There are 2 protein chains.
Amino acid sequence: MAKENTTRFALLGLLTFGPASGYELKTLCDRTISHFWNENYGHIYPVLKELAKEELVTADNETKVGRPPKTVYSITDKGMDELRAWLAKPIVHTPPRVELLLKIVFSGNVPRSKVLALLEDEIKNAQETITKFEGLEDHLKNHIDDKNHGHKNAKLWLASVDYGKRFNRMHLGWCEDQLRSLRKSENRK
Amino acid sequence: MAKENTTRFALLGLLTFGPASGYELKTLCDRTISHFWNENYGHIYPVLKELAKEELVTADNETKVGRPPKTVYSITDKGMDELRAWLAKPIVHTPPRVELLLKIVFSGNVPRSKVLALLEDEIKNAQETITKFEGLEDHLKNHIDDKNHGHKNAKLWLASVDYGKRFNRMHLGWCEDQLRSLRKSENRK
DNA sequence: GTATCCATGTAACCAGTTACATGATTGC
DNA sequence: GCAATCATGTAACTGGTTACATGGATAC
C-alpha cells in the first residue's frame, strides 16, 4: 500500500475555514500551521486540480477590478465526507528517521569537539524555537477574543503550539544531558 | 538545493562497523538502529552501487561453500572522509509534518468521540513503544560487557533509546492532557 | 517436501522539493 | 521606474516505498 497523500487532507482541512485560492491556502498554511505543517506551491496547485476532478472541491473563477484573477476553491459535501473519514482514522505510524541520532550513533568516527559543536548547535536551535513558540502563544492568547482574527479553534491551535514547545524542550533536554555526559568522559581521560 | 540522500550516510556509517553485504546491512539496520532509522532493500542495493561507483566503498564478491554468493562492501578512505564531513555538519532542519496535530487542529469537523478514540489510540501506541524501549534498554545493559555482542558504542546506542523513550513520554503526556481537557469541556456542556 | 533463511535485484510508483517562468497590480 | 504583493503554474528531479521475481541452502 502506497503512502497516503496527506497534502490532500491538509488542503481539505484548510478549506473548512472557508473558500480560498491556491495562493491564499499557501499563505493561510504559512500563517497558521507552519509550526507543524508545510506545503509549497509546486504541490498545492496540482493537488487542488486533482481534488476538483474528484469533486471533493469546486473551482470558481473570480475576477475583481484592480486584482489579478484567481480560482477560488470550496470544499464539497463529498470532500467533507472524505475529510471526516480521514480525521477519524487512527494514525499509521511510519518508521521515524532522526538524523541527529544517526550522527550521534556514528560519532565515534569524528573528534569529540565536532560532536560537542553539533549538540551546541541543536541546543541553540531548540532554544530559539521555544522562544518563537512562546511568542506565538502570547500573541494568540492576547487576541483570543478578537473577532477580527476569528479563530474559533484558538484552543486547538494553542494545543499544537504547546506540542511544539514540549517537543523542543524534550529535544533540548536530551542534547544538554548528552553534552554533559560527553564533557564528563572527556575530563576522565 | 535538493534534499540530501541520508541513506548514503546511514550505509557508510554502518560499514564503519565492518564490511557487509546489502542483505547484512539491512539486518544490521533492523537490529541496531531501527528504533530511529529504517532502510529497505529497494533503496539499499541501488545506493550501494552508487557508492561503489563513487569509490566511497569497494565491492568484493564472496563465495563460500554451502552459502549463496554475496557482494561484500567495505568503506574506503574516501568514504570515511565523506562520512566524517557529514557527521561534522550541523543538521539542516526541514519543516516538520506532524499528522496528529493536523488531525487535532481540524478535529472540530468530527464528533468528539472520534477525537477521544484517536487520542486513546495514540496513548496506547506510545505506552507500548515505551515498554518496548525499556526492554531494549534492559537487554543492552545486561550485555554491555558481553564481548560477543561487541558494541563498543553501547553508550551511544543507549542514548538513542533514551531519546526514543523521552519522545514517547512527551507524546504520551501531551495526548493525556489533551484527552483530559477534551473530557472536561464535554462535561461543561 | 516445505518452510525459513540467505541473497540480490528491478520496475512502478508516489510524495514532495526546487527552480523556472509569467504577468497583473499597487505603492513608493 | 522599481520593489513588493498577488496569482498560477510546470518541469525536472530526488528520495523513498512496495511489489514482484528469482534462486540456492538449511533444517525439520
Side-chain angles (χ1 to χ4, degrees), chain A residues 1-11 19-31 34 36-54 57 59-73 86 92-99 102, chain B residues 1-12 19-31 34 37-54 57 59-73 86 92-99 102:
Chain A
M1 190 185 55
K3 201 189 157 190
E4 217 163 19
N5 183 343
T6 41
T7 297
R8 294 163 60 89
F9 302 109
L11 295 181
S21 67
Y23 186 84
E24 285 162 349
L25 285 170
K26 169 63 174 158
T27 48
L28 187 62
C29 186
D30 288 349
R31 282 181 202 155
S34 62
F36 69 84
W37 202 264
N38 170 270
E39 293 294 346
N40 45 267
Y41 293 125
H43 212 191
I44 290 174
Y45 286 113
V47 169
L48 279 174
K49 282 200 169 170
E50 206 184 294
L51 291 174
K53 212 164 142 190
E54 294 175 49
V57 301
D60 297 290
N61 292 314
E62 191 185 295
T63 33
K64 271 190 185 160
V65 279
R67 297 242 138 217
K70 60 181 174 181
T71 308
V72 177
Y73 294 88
W86 177 76
V92 184
H93 289 276
T94 49
R97 285 193 140 201
V98 188
E99 198 178 315
L102 205 56
Chain B
M1 192 185 53
K3 199 187 155 192
E4 217 163 19
N5 183 343
T6 42
T7 297
R8 294 163 60 89
F9 303 108
L11 295 180
L12 287 175
S21 67
Y23 186 84
E24 286 162 348
L25 285 170
K26 168 63 174 159
T27 48
L28 187 61
C29 186
D30 288 349
R31 281 180 202 156
S34 63
W37 202 264
N38 171 270
E39 293 294 347
N40 46 268
Y41 292 125
H43 213 192
I44 290 173
Y45 286 112
V47 169
L48 279 174
K49 282 201 169 170
E50 205 185 294
L51 291 173
K53 212 163 141 191
E54 294 174 49
V57 301
D60 297 291
N61 292 314
E62 191 184 295
T63 34
K64 271 189 184 161
V65 281
R67 298 242 137 217
K70 59 181 175 180
T71 309
V72 177
Y73 295 88
W86 176 76
V92 183
H93 289 275
T94 49
R97 284 194 139 200
V98 188
E99 198 178 313
L102 205 56

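Keep in mind it's a predicted model, so treat the numbers as computed, not measured.
Nucleic acid contact class of A:R97 (heavy atoms, under 4.0 Å, all strands): sugar-phosphate only. Here A:T6 lies in heavy-atom contact (under 4.0 Å) with sugar-phosphate atoms only.
At whole-Å resolution of the value, CG in B:N40 and C1' in C:dA7 are 16 Å apart. Atom-to-atom, NZ of A:K49 to C1' of D:dG9 comes out at 7 Å; the value is rounded to the nearest Å. Distance, A:K70 NZ to C:dT22 P: 24 Å, rounded to whole Å. B:E50 has its CD atom 16 Å from the C1' atom of C:dG9, to the nearest Å. Regarding A:N5, its CG atom lies at a distance of 15 Å from the C1' atom of D:dG16, rounded to whole Å. Spacing between atom OH of A:Y41 and atom P of D:dT5 amounts to 11 Å, rounded to whole angstrom units. Regarding A:Y73, its OH atom lies at a distance of 10 Å from the C1' atom of D:dG9, rounded to whole Å. In this structure, A:F9 places its CZ atom 15 Å from P of C:dC14, rounding to the nearest Å.
Salt bridge annotation for A:E50-A:R8: present, with a cationic side-chain nitrogen under 4.0 angstrom from a carboxylate oxygen.
Place B:E24 and B:G42 on DNA chain C by their nearest nucleotides, and B:E24 ends up nearer the 5' end. Heavy-atom nearest nucleotides on DNA chain C were determined for B:R67 and for B:P95, and the one closer to the 5' end corresponds to B:R67.
Between D:dT8, C:dG16, C:dT25, one nucleotide has an atom nearer to the side chain of A:H43 than all others, and that is C:dG16. For A:P68, the side-chain atoms get nearest to C:dT25 when compared with the rest of C:dT25, C:dG16, D:dG23. Which of C:dC5, C:dT10, C:dT18 sits closest to the side chain of B:P46 comes down to C:dT10.
In this structure a side-chain-to-backbone donor-acceptor pair under 3.5 Å is present from B:T27 to B:E24.
The closest side-chain heavy-atom distance from B:E39 to A:R97 is below 4.5 Å. Residues A:L102 and B:W86 form a side-chain contact, since some pair of their non-hydrogen atoms from C-beta on lies under 4.5 Å apart. In this structure, the side chains of A:T6 and A:W37 come closer than 4.5 Å at one or more pairs of heavy atoms.
For the OP1/OP2 pair of D:dG15 and a distance below 4.0 Å, the side-chain nitrogens and oxygens of B:T7 include no atom meeting the criterion. The phosphate of D:dC6 (OP1 or OP2) has a side-chain N or O of A:Y23 nearer than 4.0 angstrom.
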